[in-house]
Enquirer: 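I'd like to ask some things about the structure below.
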Amino acid sequence: MVKNLLNIIWPIFIITSVVYAFLNGNIENVSNGIFESAEEAVKLTLTFFGTLCLWNGIIEIAKQTTLMQKLAKFLRPFINFLFPEMKKNEEAYEEISMNMVANLLGLGNAATPLGLKAMKTMEKENTKKDTLSNSMAMFIVINTASLQVIPTNIIAIRSSLNSTSPSGIILQVWIATIVAATVGITATKLMMKKF
Amino acid sequence: MSIVNFLSSSAIPLIIITIIVYGLKEKKKVFDIFLDGAKEGIEIVIGLFPTLLGIFLAIGLLRNSGVLDFVIGIISPITNILKIPSQILPLAMLRPISGSGSMGVAIDIMKQYGVDTLIGKIASTIMGSTETTFYTIAIYTACVKVKKIRFVLAAALLADLAGMITSVIICQIMS
C-alpha cells in the first residue's frame, strides 16, 4: 500500500516538473539539477553515516542489558489505564511494555518485532478475529504516535548538516509528541465506544 | 532559554554514559556489543540511500523547474492565515505515507532553508514527533490478518495532525 503510493507520486513529480520546465523555458536549470541531486544524496549519506552507526552501537548496549525491563516497570500504571482488558494477560502486558520502552528509547528496529508479538498475543483473546479489539486499536495508535525520548535519527542528520545545536529540538519534539499521543489516545478512548 | 539549551545538550551525553555504566554493571562486553550495533547501522544507512537518491531527484526537479514555488504560491494565502510556513507542507503531506521519503524531504528543507532556521526546526520537530502512520497500521494489522481496522486510521491521522500543528506552534514560541 505504502510502496504503491510512491510509485504513483514519484513519476507524477518528475513528469510535471519536466513538462513545466519546458513550457517556461527553464529546462537548462532542471538538467543541471539532476546530477546535482545525485551528488547531494551521496554527500549527505556519507555525512550521517558516522552518527547513525554511533547511535546504533550505543543503543545495542542498552538492548543487551536489563535496562529495558527496569524501565518497563515504570510504565505499569500507564499501561493499566490504556489497556484495561490486558490487566490479567501477563504475556501481552510484558510484550506491550517492552514495545513501548523500545519506542521511548528510539529503538525502532527492536520495537517492531516486539509490537508484532504483542499483536499476536492480543489476537488470541480477541473475540472477533477479523476486527481489531479495543486493546489492539489502542496499541496501534500508540505505535503511530512515535513516543521517543531521544529522536536519534533526526539529531544525527541535524549534526551532519552542521547545525549549531543538533539536539536543540529535543524539548520541542517532546512537547509535540506528548500532544500527538494525548490526542491519539483520547480519540481512541472516545471512538472505541461508538465504532 | 539557557536552561533549555543546557538540558538539551546534556541529555545525550547523560544517556550514553548511563547505558555504558549499565552495561558494565551487568558485565557485558560493551565494546564488542557497540561494534555489532554500529555494523547494523551500516545496513540502515545503505538501505536508506536509494530512497534518498530518488526523493532528492524528484524534489530537486520540482524546485528547479519552478513547480514547487508555483504550488507554494497557491497554498500560501491559506497557510499564511494559519501562520504555517508553506515550505513545510510537502513534508507534512508525505510524512504519514513514507518514512525514508519524508526523511529525504525534511533533509532537503533543512539544506534549502537552513537547519537552524525556524523552518528547519519545524521540519526536525515534525520528523521527531510523528511516525509513518500508514506503514505502521499496515504491518501491525497484516501480522494478525485483521481486515476491519475500525477507527484506527482516523485516530492516528488526527494524532499526526495534532503533532504537526504543535510542532509549528512550539517552534515559533521557542525560537
Side-chain angles (χ1 to χ4, degrees), chain A residues 1-2 5-6 10 13-14 16-17 20-21 24 26 29-30 33 37 40-41 45 49 52-53 56-58 60-62 64-65 67 116 119-120 123 130-132 137 140-141 143-146 151 154 158 161 163-164 167-173 175-177 179-180 183-184 187-188 191 195, chain B residues 4 8 11-12 16 19 22-23 26 28 30 33-34 36-38 40-41 45 49 52-53 56-58 60-62 64-67 97-98 110 115-116 121 124-125 127-131 133-136 138 140 143-144 146-152 155-156 158-159 162-163 166-167 170-171:
Chain A
M1 175 176 77
V2 179
L5 226 46
L6 272 181
W10 193 68
F13 279 2
I14 293 179
T16 334
S17 304
Y20 188 91
N24 285 283
N26 199 10
N29 208 353
V30 164
S37 42
E40 286 293 331
T45 308
F49 210 129
L52 237 143
C53 290
N56 231 60
I58 295 289
E60 187 66 31
I61 302 175
Q64 306 242 345
T65 63
L67 198 61
L116 297 181
M119 284 298 287
K120 285 184 184 148
E123 174 74 354
D130 67 333
T131 312
L132 291 177
I140 295 179
V141 171
N143 265 282
T144 64
S146 176
I154 199 73
R158 284 174 60 80
L161 291 171
S163 165
T164 52
S167 54
I169 41 89
I170 283 190
L171 207 67
Q172 291 90 320
V173 169
I175 295 169
T177 301
V179 172
V183 168
T188 306
M191 286 196 268
F195 301 100
Chain B
V4 171
S8 288
I12 288 174
I16 292 180
I19 291 173
Y22 231 91
E26 296 186 7
K28 301 281 180 199
V30 282
I33 301 172
F34 172 80
D36 283 342
E40 221 177 275
V45 176
F49 175 72
L52 214 55
L53 185 63
F56 273 24
L57 174 70
L61 283 173
L62 281 177
N64 290 328
S65 63
V67 172
I97 300 165
S98 163
M110 287 187 260
V115 58
D116 291 318
K121 281 184 183 165
S124 309
T125 310
M127 287 309 292
S129 61
T130 51
E131 251 304 327
T133 299
F134 282 93
Y135 171 78
T136 309
Y140 276 61
C143 84
V144 287
V146 163
K147 297 244 158 51
K148 292 176 188 152
I149 64 164
R150 298 164 74 195
F151 52 84
V152 163
L158 197 66
T166 313
S167 300
I170 199 73
C171 287

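Residue numbers begin at 1 in each chain, while the letters A, B, ... track the order of the sequences. Quick note: numbers below take in every heavy atom, side chains included, and nothing from hydrogens, waters or symmetry partners.
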Enquirer: With a 4.5 angstrom heavy-atom cut-off, which part of Asp130(A) approaches chain B: side chain, backbone, both or neither?
Expert: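 Looking at Asp130(A), backbone and side chain both touch chain B.
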Enquirer: Could you tell me which of Phe49(A), Phe195(A), Tyr20(A) has the largest number of non-hydrogen atom pairs under 4.5 Å with chain B?
Expert: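 Max contact count across the listed options: Tyr20(A).
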Enquirer: Please check if the side chain of Arg158(A) supplies one atom and the backbone of Val115(B) the other of a donor-acceptor pair under 3.5 Å.
Expert: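 A pair under 3.5 Å: yes.
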Enquirer: At what distance, to the nearest 0.5 angstrom, does CG of Leu61(B) lie from CG of Asn29(A)?
Expert: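 Separation between the atoms: 10.5 Å.
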Enquirer: Where does Thr133(B) contact chain A at under 4.5 Å (heavy atoms): side chain, backbone, both or neither?
Expert: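 Answer is both: backbone and side chain atoms of Thr133(B) are under 4.5 Å from chain A.
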Enquirer: I need the residue from Ala159(B), Ala58(B), Gly23(B) with the largest number of non-hydrogen atom pairs under 4.5 Å to chain A.
Expert: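 Of the options given, most contacts go to Ala159(B).
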Enquirer: Let's test your reading of the structure: which of Cys171(B), Ala38(B), Ala162(B), Gly60(B) forms the most heavy-atom pairs below 4.5 Å with chain A?
Expert: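 Answer, by heavy-atom pair count under 4.5 Å with chain A: Ala38(B).
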Enquirer: At their closest point, which heavy atom of Ser167(B) faces which heavy atom of Ser129(B), and how far apart are they?
Expert: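 Nearest pair, atom of Ser167(B) first, then Ser129(B): OG-OG, 3.5 Å.
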Enquirer: Using the side-chain contact (heavy atoms from CB on, under 4.5 Å) rule, take Asn143(A) and Glu131(B) through it: C-alpha gap first, then chi angles, then the decisive distance, then the call.
Expert: CA-CA 8 Å; Asn143(A) 265 282; Glu131(B) 251 304 327; over 6 Å; no
Enquirer: Top residue by heavy-atom pair count (under 4.5 Å) with chain A, among Asp116(B), Ile149(B), Thr136(B), Thr125(B)?
Expert: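 The residue among Asp116(B), Ile149(B), Thr136(B), Thr125(B) with the greatest pair count is Asp116(B).
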Enquirer: Can you tell me which of Ala21(A), Gly184(A), Ser163(A), Ala187(A) forms the most heavy-atom pairs within a distance under 4.5 Å of chain B?
Expert: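 Of the candidates given, the most pairs with chain B belong to Ser163(A).
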Enquirer: As an exercise: rank Ala41(A), Gly57(A), Ser37(A) by heavy-atom pairs under 4.5 Å with chain B and give me the winner.
Expert: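 Maximum pair count with chain B is reached by Gly57(A).
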Enquirer: Given that the side chain runs from C-beta out, which part of Lys147(B) has a heavy atom under 4.5 Å from chain A: side chain, backbone, both or neither?
Expert: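 Both parts, backbone and side chain.
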Enquirer: Closest approach of Ser124(B) and Met110(B), non-hydrogen atoms and distance?
Expert: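 Residues Ser124(B) and Met110(B), closest heavy atoms: OG-SD, 3.5 Å.
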Enquirer: Quick one: of Ala145(A), Ala137(A), Cys53(A), Gly33(A), who has the most non-hydrogen atom pairs under 4.5 Å with chain B?
Expert: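 Going by pairs under 4.5 Å, I would pick Cys53(A).
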Enquirer: Taking Val30(A), Val183(A), Leu132(A) one by one, which has the highest count of heavy-atom pairs under 4.5 Å against chain B?
Expert: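 If we count pairs closer than 4.5 Å to chain B, Leu132(A) comes out on top.
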Enquirer: Hey, could you give me the CD1/CD1 distance between Ile154(A) and Ile169(A), rounded to the nearest 0.5 Å?
Expert: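 These two atoms lie 6.5 Å from each other.
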Enquirer: Can you tell me how far the CD1 atom of Ile58(A) sits from the CD1 atom of Ile19(B), to the nearest 0.5 Å?
Expert: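 The distance works out to 6.5 Å.
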Enquirer: Heavy atoms only, distances under 4.5 angstrom: which of Ile61(A), Thr177(A), Asn26(A) has the most pairs with chain B? Name it, please.
Expert: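 Ranked by contacts with chain B, first place is Ile61(A).
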Enquirer: Show the nearest heavy-atom pair for residues Thr166(B) and Ala176(A), with the distance to one decimal.
Expert: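 Minimum heavy-atom separation between Thr166(B) and Ala176(A): CG2-CA, 3.8 Å.
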Enquirer: Kindly say whether Ala62(A) contributes a backbone atom to a donor-acceptor pair with the side chain of Thr65(A) at under 3.5 angstrom?
Expert: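 Pair found, side chain donor or acceptor close to backbone of Ala62(A).
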Enquirer: For the interface with chain A, which of Val152(B), Val45(B), Leu62(B) has the highest count of heavy-atom pairs at distances below 4.5 Å?
Expert: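 The option with the most such pairs is Leu62(B).
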